[in-house]
Engineer: 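Structure provided below as structure tokens; questions to follow.
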Amino acid sequence: MSAIPQHIAIIMDGNGRWAQQRGLPRAMGHRAGTENIRRIVQEAKALGVRYLTLYAFSTENWNRPGPEVRALMAILGEFIDRETAALHAEGVQIRHLGSLDGLSPQLQAKVRYALELTRHNTALVLAVAFNYGGRADIVQAVRAIVREGIPPEAITEAVIADHLYTRGMPDPDLIVRTAGEFRLSNFLIWQAAYAEYYSTPVFWPDFGPEDLKQAVAAYGQRERRFGALPQAARQ
Ligand code: IPE
Ligand code: IPE
Ligand code: MG
């Protein structure tokens with residue numbers, strides 16, 4: 001059996017193009033994309049993945065037109081209302097990566113409710129990166145470290161990792177991006193240092209369990225060296 005990544009992080013891209021292809025408004029693409037989450041969570045769990053991180057809204061996505069931003073906010077609220085009970089029943093722990101600043105008080109309350117309800121679950125951690133940016137993540141970590149008065153010589157990679165939004169989570173082993181792009185777009189830039197990358201042309205709303213299996217199979221073929229020599233060259 002080939003290796004299963006412990007932590008998969010997905011850049012859910014292509015909702016807009018999916019809608020455009022069908023002559024639908026972009027928000028419909030975001031809705032379809034969000035409805036896709038349930039089956040991907042289930043497949044990840046079935047494969048034995050322990051952490052699934054989904055990039056849902058970046059700090060740069062505030063630059064989109066107001067109506068699209070508002071639609072994305074509304075869709076997050078609908079997702080929490082619709083899916084939290086089922087995710088909880090399946091033993092999924094929901095985490096939020098990013099800042100709640102800028103979200104309406106009602107939406108912040110929904111997020112807090114979902115985190116609190118599921119905090120002791122252990123079957124799978126579903127981390128939703130919403131209002132998340134890798135650089136903003138590092139900035140908030142540095143601020144926390146300074147606020148705590150940690151002296152410069154005590155700052156290690158582990159100390160920084162412990163102050164990032166992902167604290168307590170292993171680094172992603174596999175980063176999947178849909179819709180054919182080859183960039184991180186400010187996603188987990190610290191945590192992705194040794195992730196394997198996988199890009200597929202499939203738009204996120206069409207990315208199904210079989211596509212996830214393919215990504216995991218591709219990961220199983222990779223040799224992770226972490227700077228050391230390839231297995232075949234070791235003595
Ligand atoms: C990804 O889909 C979802 C978000 C970034 C919120 P896009 O909306 O970026 O879809 P494309 O890239 O325009 O097709
Ligand atoms: C990245 O997708 C952010 C999310 C998937 C949430 P974008 O579509 O916003 O990224 P760019 O603009 O193509 O880099
Ligand atoms: Mg995009």
Side-chain angles (χ1 to χ4, degrees), residues 2-19 21-22 26-58 61 72 75-98 111 114-115 118 121-130 132 166 169-181 184-185 187-188 191-192 195-220:
S2 68
I4 297 294
Q6 188 184 18
H7 181 180
I8 300 180
I10 305 181
I11 302 171
M12 308 186 290
D13 201 10
N15 293 348
R17 280 163 279 177
W18 182 93
Q21 265 190 351
R22 288 163 176 74
R26 293 180 59 84
M28 294 287 283
H30 295 313
R31 265 208 178 82
T34 311
E35 277 159 20
N36 192 34
I37 291 174
R38 188 182 323 123
R39 60 181 185 155
I40 295 302
V41 169
Q42 278 166 353
E43 185 62 28
K45 204 176 122 183
L47 287 168
V49 172
R50 302 306 307 276
Y51 297 83
L52 179 67
T53 298
L54 300 177
Y55 201 12
F57 189 89
S58 74
N61 287 147
L72 286 162
I75 288 166
L76 175 65
E78 290 164 17
F79 172 79
I80 296 171
D81 290 344
R82 193 181 63 229
E83 305 286 347
T84 303
L87 290 169
H88 183 47
E90 287 179 44
V92 174
Q93 181 188 133
I94 303 174
R95 281 186 64 155
H96 171 231
L97 311 181
V111 173
L115 305 187
T118 64
N121 293 342
T122 55
L124 175 91
V125 172
L126 172 65
V128 181
F130 193 97
Y132 177 87
T166 46
M169 293 171 62
D171 285 340
D173 302 295
L174 173 64
I175 294 187
V176 174
R177 184 161 187 153
T178 58
E181 312 292 352
L184 275 180
S185 300
F187 187 45
L188 301 179
Q191 298 87 337
E196 296 291 333
Y197 289 85
Y198 181 87
S199 176
T200 169
V202 176
F203 295 146
W204 171 251
D206 291 330
F207 183 89
E210 283 306 316
D211 298 298
L212 186 68
K213 273 192 200 151
Q214 266 182 38
V216 167
Y219 171 84

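None of these values were measured; they are calculated from a predicted model. Computation of the quantities below employed the complete heavy-atom set of this structure, encompassing side-chain atoms and omitting hydrogens, waters and symmetry-equivalent molecules.
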Engineer: Closer than 3.5 angstrom, by distance alone: can the side chain of Arg38 be matched with the main-chain N or O of Leu87 as a donor-acceptor pair?
Structural biologist: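 Such a contact is absent between Arg38 side chain and Leu87 backbone.
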
Engineer: Evaluate the side-chain contact (heavy atoms from CB on, under 4.5 Å) criterion for residues Val176 and Ile10: first the C-alpha distance (whole Å), next the side-chain angles of each, then the deciding distance (0.1 Å), finally the verdict.
Structural biologist: CA-CA 5 Å; Val176 174; Ile10 305 181; 4.2 Å; yes

Engineer: If you compare all heavy atoms of Pro209 against all heavy atoms of Arg39, which two are closest, and at what distance to 0.1 Å?
Structural biologist: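 Nearest heavy atoms, Pro209 then Arg39: CD-NH1, 3.7 Å.
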
Engineer: With side-chain contact (heavy atoms from CB on, under 4.5 Å) as the criterion, how do Val216 and Ile8 come out once you've worked through the C-alpha distance, each side chain's angles and the decisive distance to 0.1 Å?
Structural biologist: CA-CA 9 Å; Val216 167; Ile8 300 180; 3.8 Å; yes

Engineer: Please name the pair of heavy atoms, one in Ala195 and one in Pro172, separated by the smallest distance, quoted to 0.1 Å.
Structural biologist: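 Heavy-atom minimum between the residues: CB-O, 3.5 Å.
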
Engineer: Under the side-chain contact (heavy atoms from CB on, under 4.5 Å) criterion, do Val41 and Glu83 qualify, and how do the steps go?
Structural biologist: CA-CA 11 Å; Val41 169; Glu83 305 286 347; over 6 Å; no

Engineer: Do Arg177 and Ser185 have side-chain atoms, one donor and one acceptor, less than 3.5 Å apart?
Structural biologist: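 There is such a pair (donor and acceptor under 3.5 Å, judged by atom type) between the side chains of Arg177 and Ser185.
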
Engineer: Heavy-atom distance under 4.5 Å between the side chains of Gln214 and Thr200, does that happen here?
Structural biologist: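 Counting from C-beta outward, Gln214 and Thr200 never come under 4.5 Å.
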
Engineer: Could you check Leu188 against Tyr55 for side-chain contact (heavy atoms from CB on, under 4.5 Å), going step by step and ending with a plain yes or no?
Structural biologist: CA-CA 9 Å; Leu188 301 179; Tyr55 201 12; over 6 Å; no

Engineer: Is there a donor-acceptor pair under 3.5 Å between the side chain of Thr178 and the backbone N or O of Met12?
Structural biologist: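 No, because the side chain of Thr178 does not come within donor-acceptor range (under 3.5 Å) of the backbone of Met12.
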
Engineer: Which atoms form the tightest heavy-atom contact between Thr53 and Met169, and what is the distance?
Structural biologist: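 That would be OG1-CE, 3.5 Å.
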
Engineer: Would His7 and Asp171 count as a side-chain hydrogen bond (donor to acceptor under 3.5 Å, both in side chains) if you check the C-alpha gap in whole Å, the side-chain angles of each, and the deciding distance to 0.1 Å?
Structural biologist: CA-CA 7 Å; His7 181 180; Asp171 285 340; over 6 Å; no

Engineer: What is the distance from atom CD1 of Ile75 to atom CD of Glu35, rounded to the nearest 0.5 Å?
Structural biologist: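 That separation rounds to 9.0 Å.
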
Engineer: Please check this pair: side chain of His96 against backbone of Phe130, looking for a donor-acceptor N/O pair closer than 3.5 Å.
Structural biologist: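 Pair found, side chain donor or acceptor close to backbone of Phe130.
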
Engineer: Starting at CG of Leu72, measure out to CZ of Arg26 and round the result to the nearest 0.5 Å.
Structural biologist: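 If I round to the nearest 0.5 Å, the distance is 8.5 Å.
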
Engineer: Asn36 side chain to Gly33 main-chain N or O, any donor-acceptor pair under 3.5 Å?
Structural biologist: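 Answer holds: no.
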
Engineer: As an exercise, state the distance from CG of Asp206 to CG of Asp211, rounded to the nearest 0.5 Å.
Structural biologist: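 Reported value, rounded in 0.5 Å steps: 8.5 Å.
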
Engineer: Side-chain contact test, heavy atoms from C-beta onward, threshold under 4.5 Å: evaluate it for Val128 versus Val111 and give yes or no.
Structural biologist: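 Val128 does not reach Val111 side chain to side chain.
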
Engineer: Look up atom CD1 in Ile94 and atom CD1 in Ile80, then write down how far apart they are to the nearest 0.5 Å.
Structural biologist: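 The distance works out to 7.5 Å.
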
Engineer: Tell me if a side-chain donor or acceptor on Lys45 pairs with a main-chain N or O of Gly91 at a distance below 3.5 Å.
Structural biologist: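 Side chain of Lys45 to backbone of Gly91, a donor-acceptor pair under 3.5 Å: no, none is there.
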
Engineer: Is Tyr219 close to Asp173 at the side-chain level, that is, under 4.5 Å between some pair of heavy atoms?
Structural biologist: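 Yes, their side chains come closer than 4.5 Å.
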
Engineer: Which pair of heavy atoms, one from Arg95 and one from Thr166, lies closest together, and at what distance?
Structural biologist: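 Here Arg95 and Thr166 meet closest at NH2-C, 3.7 Å.
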
Engineer: Measure the CD1-CZ distance between Ile4 and Arg50 for me, rounded to the nearest 0.5 Å.
Structural biologist: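 These two atoms lie 13.0 Å from each other.
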
Engineer: Which atom names give the shortest non-hydrogen contact between Pro5 and Val49, and what distance separates them?
Structural biologist: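 Minimum heavy-atom separation between Pro5 and Val49: O-CG2, 3.6 Å.
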
Engineer: What's the shortest heavy-atom distance between Asn15 and Pro205, and which atoms?
Structural biologist: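 So the minimum-distance heavy-atom pair works out to OD1-CD, 3.4 Å.
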
Engineer: For the CD atom of Gln6 and the CG atom of Leu174, what is their distance to the nearest 0.5 Å?
Structural biologist: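 Reported to 0.5 Å precision, the distance equals 12.5 Å.
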
Engineer: Do the non-hydrogen side-chain atoms of Leu212 and Phe207 ever get within less than 4.5 Å of each other?
Structural biologist: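 Leu212 vs Phe207: side chains touch.
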
Engineer: So does Asn121 get a backbone contact from the side chain of Gln93, meaning a donor-acceptor N/O pair under 3.5 Å?
Structural biologist: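 Yes, the answer is positive, given that a donor and an acceptor are paired below the 3.5 Å cut-off.
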
Engineer: Is a donor on one side and an acceptor on the other found under 3.5 Å between the side chain of Thr84 and the backbone of Ala114?
Structural biologist: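 Absent.
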
